[in-house]
S.K.: 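Structure provided below as structure tokens; questions to follow.
It should be emphasised that the depicted structure is a prediction, and the values quoted were computed from it without experimental measurement. Residue numbering restarts at 1 for every chain, and letters A, B, ... go by the order of the sequence lines.
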Amino acid sequence: MIHIQQEDFDSGAELQALEASGPATGAVCSFTGLARDYGDKEGVSALFLEHYPGMTEAAIENILRDAHERWPLQGVRVIHRVGTLQPGERIVFVGVASSHRKEAFAACEFIMDYLKTGAPFWKKEITAQGEHWVEQKASDQSASQRWQKTP
Amino acid sequence: MIHIQQEDFDSGAELQALEASGPATGAVCSFTGLARDYGDKEGVSALFLEHYPGMTEAAIENILRDAHERWPLQGVRVIHRVGTLQPGERIVFVGVASSHRKEAFAACEFIMDYLKTGAPFWKKEITAQGEHWVEQKASDQSASQRWQKTP
Amino acid sequence: MLKVLFFASLREQLGIDQLGLESARAATVAQLREILMADHPGWAQLLSQPQLMVAVNQTIAGNQTALQDGDEIAFFPPVTGG
Amino acid sequence: MLKVLFFASLREQLGIDQLGLESARAATVAQLREILMADHPGWAQLLSQPQLMVAVNQTIAGNQTALQDGDEIAFFPPVTGG
């Protein structure tokens with residue numbers, strides 16, 4: 001289940017839907033990314049998120065297919081917002097249901113790491129001094145590359 | 001915030017409380033452990049969870065203190081149920097708020113790994129054939145030991 | 001026709017989000033890039049940034065990727081979502 | 001007095017969840033264990049299981065840990081929560 005949308009969403013309801021995946025589900029891991037009031041610069045008053053409609057959904061589907069090939073998962077939910085967001089607002093939710101804890105954590109972090117480097121979203125920070133597009137972090141590149149070594 | 005209780009809890013509300021930790025919070029990771037219908041044996045109809053009142057709370061406080069020393073965290077919530085649970089019911093919730101994704105994932109998994117090996121809870125599985133206490137898994141021991149190498 | 005899209009900082013710097021180009025003019029991504037730079041002298045530096053990414057029909061592509069009539073080609077900076 | 005607690009499978013196998021013992025009888029965890037096994041012949045095997053854990057005043061302890069009047073000593077199997 002992949003949603004790309006401007007509106008906020010109910011992360012609590014998403015979590016509880018994954019928890020209700022069935023009696024084989026023993027572990028649910030979720031991640032919520034939120035707009036901070038600082039980023040590349042201090043005093044961020046808003047974020048603007050842009051995406052590439054069509055390619056973004058396909059890229060996320062590929063990431064989820066890879067995750068399902070690596071780990072036995074009973075459910076995955078991804079929601080990513082676009083448009084203008086205020087500090088404190090939810091940007092992204094990734095939730096994963098599996099039988100075991102290790103698999104749930106690994107799959108959730110894998111999906112987030114690849115979202116950061118492989119799905120066409122771009123983030124602009126707006127401050128009192130102006131606005132600027134966020135640069136991709138070397139740490140995000142290395143976070144996704146580490147999954148290429150061993151499953 | 002540590003709660004040990006018989007009653008169920010609202011994991012969605014816990015998650016959203018962590019998401020509201022303030023404008024420096026950019027990442028919330030949560031883990032929910034659920035009662036499965038199989039464990040050491042098939043056909044588990046219920047779990048019974050026992051704990052050591054007083055020591056359990058103190059052990060979890062120690063785990064959270066260690067987590068706060070390792071990573072900058074803006075909020076941590078731990079809820080663990082005791083008593084009799086049916087398959088599908090929530091057993092444990094761990095949620096962590098941090099500025100960054102890597103820290104939130106690491107701290108949440110660290111807390112879960114140490115809960116599994118360092119907090120006095122014991123689990124009994126009830127099946128149609130009888131009941132038996134769950135054995136500690138070697139994989140749980142190695143999961144907590146890996147944190148002793150590097151932070 | 002080829003449909004060419006630009007996103008994020010590149011879109012803002014070029015001042016345009018998409019354009020159309022006769023498909024006969026470019027058989028590869030590399031040729032398309034050269035034609036765009038020739039048609040718009042101010043774009044040379046922006047379109048030759050080494051970290052710039054390109055997708056053909058919504059799949060990541062490279063300079064040697066072949067193009068055909070009806071293709072959608074997108075140029076964009078490294079992604080920064082999540 | 002020493003307060004001695006038993007949990008989980010050990011509690012069920014011994015058929016008792018706690019007992020009191022004169023503190024003068026055991027100066028260490030090891031001595032306490034010997035006294036319990038001497039007082040209750042059926043307990044020897046259960047209390048000498050190598051993986052059995054012991055806590056003194058709710059902190060993990062060992063055989064050499066010293067005991068004093070008023071201490072709470074707990075014996076239990078490896079934990080399996082979460």
Side-chain angles (χ1 to χ4, degrees), chain A residues 8-39 43-45 47 74 86-102 104-106 108-110 112-113 115-116 137 139-140 142-143 146, chain B residues 8-39 43-45 47 74 86-102 104-106 108-110 112-113 115-116 137 139-140 142-143 146:
Chain A
D8 192 17
F9 53 89
D10 184 343
S11 53
E14 296 298 326
L15 176 62
Q16 295 188 338
L18 287 161
E19 289 171 355
S21 298
T25 295
V28 173
C29 181
S30 84
F31 179 84
T32 309
L34 301 144
R36 287 193 314 262
D37 64 357
Y38 70 94
V44 173
S45 59
L47 288 182
Q74 279 118 31
Q86 310 302 317
E89 285 198 72
R90 281 175 277 271
I91 304 171
V92 60
F93 175 89
V94 172
V96 168
S98 185
S99 290
H100 299 288
R101 154 174 121 265
K102 189 180 163 192
F105 272 110
C108 191
E109 195 166 13
F110 171 91
M112 271 308 304
D113 284 347
L115 263 183
K116 282 268 180 185
K137 307 283 179 295
S139 60
D140 286 330
S142 56
R146 80 198 149 111
Chain B
D8 191 18
F9 54 89
D10 185 343
S11 53
E14 297 297 325
L15 177 61
Q16 295 188 338
L18 287 161
E19 289 171 355
S21 297
T25 295
V28 172
C29 180
S30 84
F31 179 84
T32 308
L34 301 144
R36 287 193 316 261
D37 63 358
Y38 69 95
V44 173
S45 59
L47 289 181
Q74 278 119 31
Q86 310 302 316
E89 284 198 72
R90 282 176 276 271
I91 304 171
V92 60
F93 175 89
V94 173
V96 168
S98 185
S99 290
H100 300 287
R101 154 174 121 265
K102 190 180 161 194
F105 272 110
C108 191
E109 194 166 14
F110 171 91
M112 270 309 304
D113 284 347
L115 262 182
K116 283 268 182 186
K137 308 282 180 296
S139 60
D140 286 330
S142 57
R146 78 197 152 111

S.K.: Quick one: what part of B/A97 sits under 4.5 Å from any heavy atom of chain A, side chain, backbone, both or neither?
M.R.: neither

S.K.: Rounded at 0.5 Å granularity, tell me how far CG in A/L15 sits from CZ in B/R90.
M.R.: 8.0 Å

S.K.: Please identify, among B/H100, B/E89, B/Q86, the residue contributing the most non-hydrogen atom pairs under 4.5 Å to chain A.
M.R.: B/H100

S.K.: Report yes or no: is the cationic atom of B/R101 (NZ for Lys, CZ for Arg) closer than 6.0 Å to the six-membered ring centre of A/F31, at no more than 45° off its axis?
M.R.: no

S.K.: How about B/E19 and A/S11: does a side-chain donor come under 3.5 Å of a side-chain acceptor?
M.R.: yes

S.K.: Would you give the length of the straight line joining atom OG of A/S139 to atom NZ of A/K116, rounded to the nearest 0.5 angstrom?
M.R.: 8.5 Å

S.K.: Most heavy-atom pairs under 4.5 angstrom with chain B, which of A/V94, A/L18, A/V96, A/D140?
M.R.: A/D140

S.K.: Please classify the contact between B/S99 and chain A as side chain, backbone, both or neither, with a heavy-atom cut-off of under 4.5 Å.
M.R.: both

S.K.: What residue, out of A/A35, A/G88, A/P87, A/C29, has the most heavy-atom pairs lying under 4.5 Å from chain B?
M.R.: A/C29

S.K.: Checking A/A143 against chain B: side chain, backbone, both or neither under 4.5 Å from a heavy atom?
M.R.: side chain

S.K.: As an exercise: rank A/C108, A/A104, A/S21, A/G26 by heavy-atom pairs under 4.5 Å with chain B and give me the winner.
M.R.: A/G26

S.K.: Please identify, among B/A27, B/G39, B/G12, B/P23, the residue contributing the most non-hydrogen atom pairs under 4.5 Å to chain A.
M.R.: B/P23

S.K.: From A/F93 CZ over to A/D8 CG, what is the distance, rounded to the nearest 0.5 angstrom?
M.R.: 12.0 Å

S.K.: Kindly determine whether B/Q16 and A/D10 satisfy side-chain contact (heavy atoms from CB on, under 4.5 Å), including the steps that lead there.
M.R.: CA-CA 9 Å; B/Q16 295 188 338; A/D10 184 343; 2.9 Å; yes

